[in-house]
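To start, the structure under review is shown below, and the notes come after it.
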Protein chains: 2
Amino acid sequence: MVEDTRALPSPAETLELLPGYLLRRAATAMMSELSARLAPLDLRISDATLLLLVSDRHDLTSSEIGKVLDIQRANMVPLLNRLEAAGLVRREPIDRKSQAIVLTEAGQDHLAKVKSITASFEDDLLARIPAQHRAHLVPALRALIG
Amino acid sequence: MVEDTRALPSPAETLELLPGYLLRRAATAMMSELSARLAPLDLRISDATLLLLVSDRHDLTSSEIGKVLDIQRANMVPLLNRLEAAGLVRREPIDRKSQAIVLTEAGQDHLAKVKSITASFEDDLLARIPAQHRAHLVPALRALIG
DNA sequence: AAAATATTGCTATGGTCAATAGCTTTTACG
DNA sequence: CGTAAAAGCTATTGACCATAGCAATATTTT
């Protein structure tokens with residue numbers, strides 16, 4: 001009996017070999033864990049990503065951020081409103097049409113915490129991957145994004 | 001005016017090395033492509049996954065399917081209602097509490113098409129990954145889910 | 001310079017997906 | 001028995017993404 005490590009007749013076997021399916025499952029599992037780790041900061045994943053992206057730049061507009069993060073203009077609005085309401089971000093006029101998104105001091109403070117949380121999170125993620133596969137994940141994912 | 005040949009100083013570089021971020025991006029890109037390929041069948045990804053899982057089994061309950069697919073009981077309901085309304089799935093009483101989810105004939109037909117779509121989709125996915133990384137993706141993802 | 005076009009930021013709305021709480025009925029177990 | 005667990009459901013909420021459209025401004029073309 002001992003060598004039957006796989007207890008189940010595994011109705012899921014069909015699925016567990018499909019990279020697409022695995023990708024989805026891995027992404028949702030990863031995101032729910034990251035959400036939990038960010039919860040103490042009261043930040044969502046998109047919030048934290050935006051903080052990381054903006055960092056100490058003073059020249060990024062909402063549209064540009066949206067392009068990089070693949071978030072549509074319309075959906076940037078509530079995101080920025082929330083961050084602005086939380087005092088983490090400021091809208092600074094560039095000209096009369098555009099405005100730069102800039103971190104406030106509180107935003108910089110949060111950013112530091114975000115950095116430490118994400119760094120250890122990424123470490124933990126990679127640590128779960130058997131060593132011989134570890135280095136291949138990032139290049140493979142990048143190829144998938146194209 | 002400004003000969004800004006390299007359009008971006010790559011504000012995204014920070015992010016593109018984070019496995020967590022890449023995982024999310026790769027998953028959403030993959031899902032939107034798969035959705036498009038399933039659209040002709042009028043199936044969503046979860047629908048197709050369920051068809052693949054049930055296949056020709058006659059003993060899977062809604063709860064069991066949910067456990068395998070990581071979908072909560074409550075969220076199985078609208079999914080099954082939709083599939084039942086589309087005539088792809090039937091609820092067959094097991095006892096007075098449980099019911100088996102079974103594919104109808106139309107469901108079997110759809111399943112065959114789903115199989116062919118997903119097979120070529122997975123092939124295409126893998127083809128995008130440089131050969132030396134290809135074999136590592138599935139084990140790495142499984143480790144992340146595990 | 002004037003006119004056409006593109007971009008920016010926004011409103012409003014709807015759809016998908018998942019999470020939670022709670023309910024009823026039925027089965028399992030000490 | 002009687003209590004606990006499980007099954008299926010309702011209802012609601014929230015996060016996230018997509019579309020359409022608008023007003024103001026900037027850019028490009030003529």
Side-chain angles (χ1 to χ4, degrees), chain A residues 21 23-36 38-39 41-50 59-86 89-102, chain B residues 1-2 4 7 21 23-25 27-36 38-39 42-50 59-86 89-102:
Chain A
Y21 179 72
L23 193 52
R24 180 160 75 121
R25 289 289 297 269
T28 62
M30 176 277 292
M31 283 176 63
S32 92
E33 181 176 344
L34 180 54
S35 290
L38 289 173
L41 295 185
D42 211 28
L43 291 180
R44 303 176 192 168
I45 294 183
S46 327
D47 300 340
T49 313
L50 188 142
D59 57 339
L60 290 178
T61 67
S62 165
S63 297
E64 286 164 352
I65 295 173
K67 268 174 209 135
V68 175
L69 299 188
D70 212 23
I71 299 176
Q72 307 209 6
R73 271 196 326 254
N75 297 325
M76 287 295 300
V77 180
L79 200 170
L80 289 172
N81 286 346
R82 196 172 55 244
L83 290 175
E84 193 176 44
V89 140
R90 209 172 31 234
R91 286 164 158 109
E92 283 189 350
I94 293 181
D95 54 31
R96 267 178 303 185
K97 185 173 69 166
S98 305
Q99 42 194 334
I101 305 301
V102 179
Chain B
M1 306 311 259
V2 191
D4 197 22
Y21 179 71
L23 193 52
R24 180 159 75 121
R25 290 291 296 268
T28 61
M30 176 278 293
M31 284 176 63
S32 91
E33 181 176 344
L34 180 54
S35 290
L38 289 173
D42 211 28
L43 291 179
R44 303 179 190 165
I45 294 183
S46 327
D47 300 340
T49 312
L50 188 143
D59 57 338
L60 290 178
T61 66
S62 165
S63 297
E64 286 164 352
I65 297 173
K67 269 175 208 133
V68 175
L69 299 187
D70 211 23
I71 299 176
Q72 306 209 6
R73 277 202 318 272
N75 297 325
M76 288 295 300
V77 181
L79 200 170
L80 288 173
N81 286 345
R82 197 171 55 242
L83 290 176
E84 193 176 45
V89 140
R90 207 171 33 234
R91 286 163 156 111
E92 284 189 350
I94 292 182
D95 52 32
R96 268 177 302 187
K97 184 173 70 165
S98 306
Q99 43 194 333
I101 305 301
V102 178

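In what follows, chains are A, B, ... by sequence order, proteins preceding strands, each numbered from 1. For clarity, every value in this text was computed on a predicted model and none was experimentally measured.
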For nucleotides 11-21 of chain C, give me one character per nucleotide, 5' to 3': B if any protein heavy atom sits under 4.0 Å from the base, S if the only such contacts are to the sugar-phosphate, - if neither. BB---SSBBBB

Between [N] atom [atom2] and [X] atom [atom1], what is the distance in whole Å?
| X | N | atom1 | atom2 | result |
| --- | --- | --- | --- | --- |
| A:Asp42 | D:dA15 | CG | C1' | 14 Å |
| A:Gln99 | D:dA26 | CD | P | 12 Å |
| A:Ile101 | C:dC10 | CD1 | C1' | 13 Å |
| B:Leu80 | D:dA7 | CG | P | 14 Å |
| B:Glu64 | D:dA7 | CD | P | 7 Å |
| A:Leu79 | C:dG9 | CG | C1' | 14 Å |
| A:Ile65 | C:dT7 | CD1 | C1' | 16 Å |

Rounded to the nearest 0.5 Å, what separation is found between the [atom1] atom of [X] and the [atom2] atom of [Y]?
| X | Y | atom1 | atom2 | answer |
| --- | --- | --- | --- | --- |
| A:Ser35 | A:Ile45 | OG | CD1 | 3.5 Å |
| B:Asn75 | B:Asp70 | CG | CG | 10.5 Å |
| A:Ser62 | A:Leu80 | OG | CG | 5.0 Å |
| B:Met31 | B:Thr28 | CE | OG1 | 8.5 Å |
| A:Asp47 | A:Leu83 | CG | CG | 4.5 Å |

Do [X] and [Y] come close enough that some side-chain heavy atom pair is under 4.5 Å?
| X | Y | result |
| --- | --- | --- |
| A:Leu34 | B:Arg24 | no |
| A:Gln99 | A:Thr61 | no |
| A:Leu50 | A:Met76 | yes |
| B:Tyr21 | A:Leu69 | yes |

Would you say a side-chain N or O of A:Ser62 is under 4.0 Å from OP1 or OP2 of C:dT8? no

Please write out the pairs of protein N or O atoms and N or O atoms of nucleotides 25-28 of chain C separated by less than 3.5 Å, giving the distance to one decimal.
residue: C:dT27; atom: OP1; partner: B:Arg96; partner atom: N; Å: 2.9

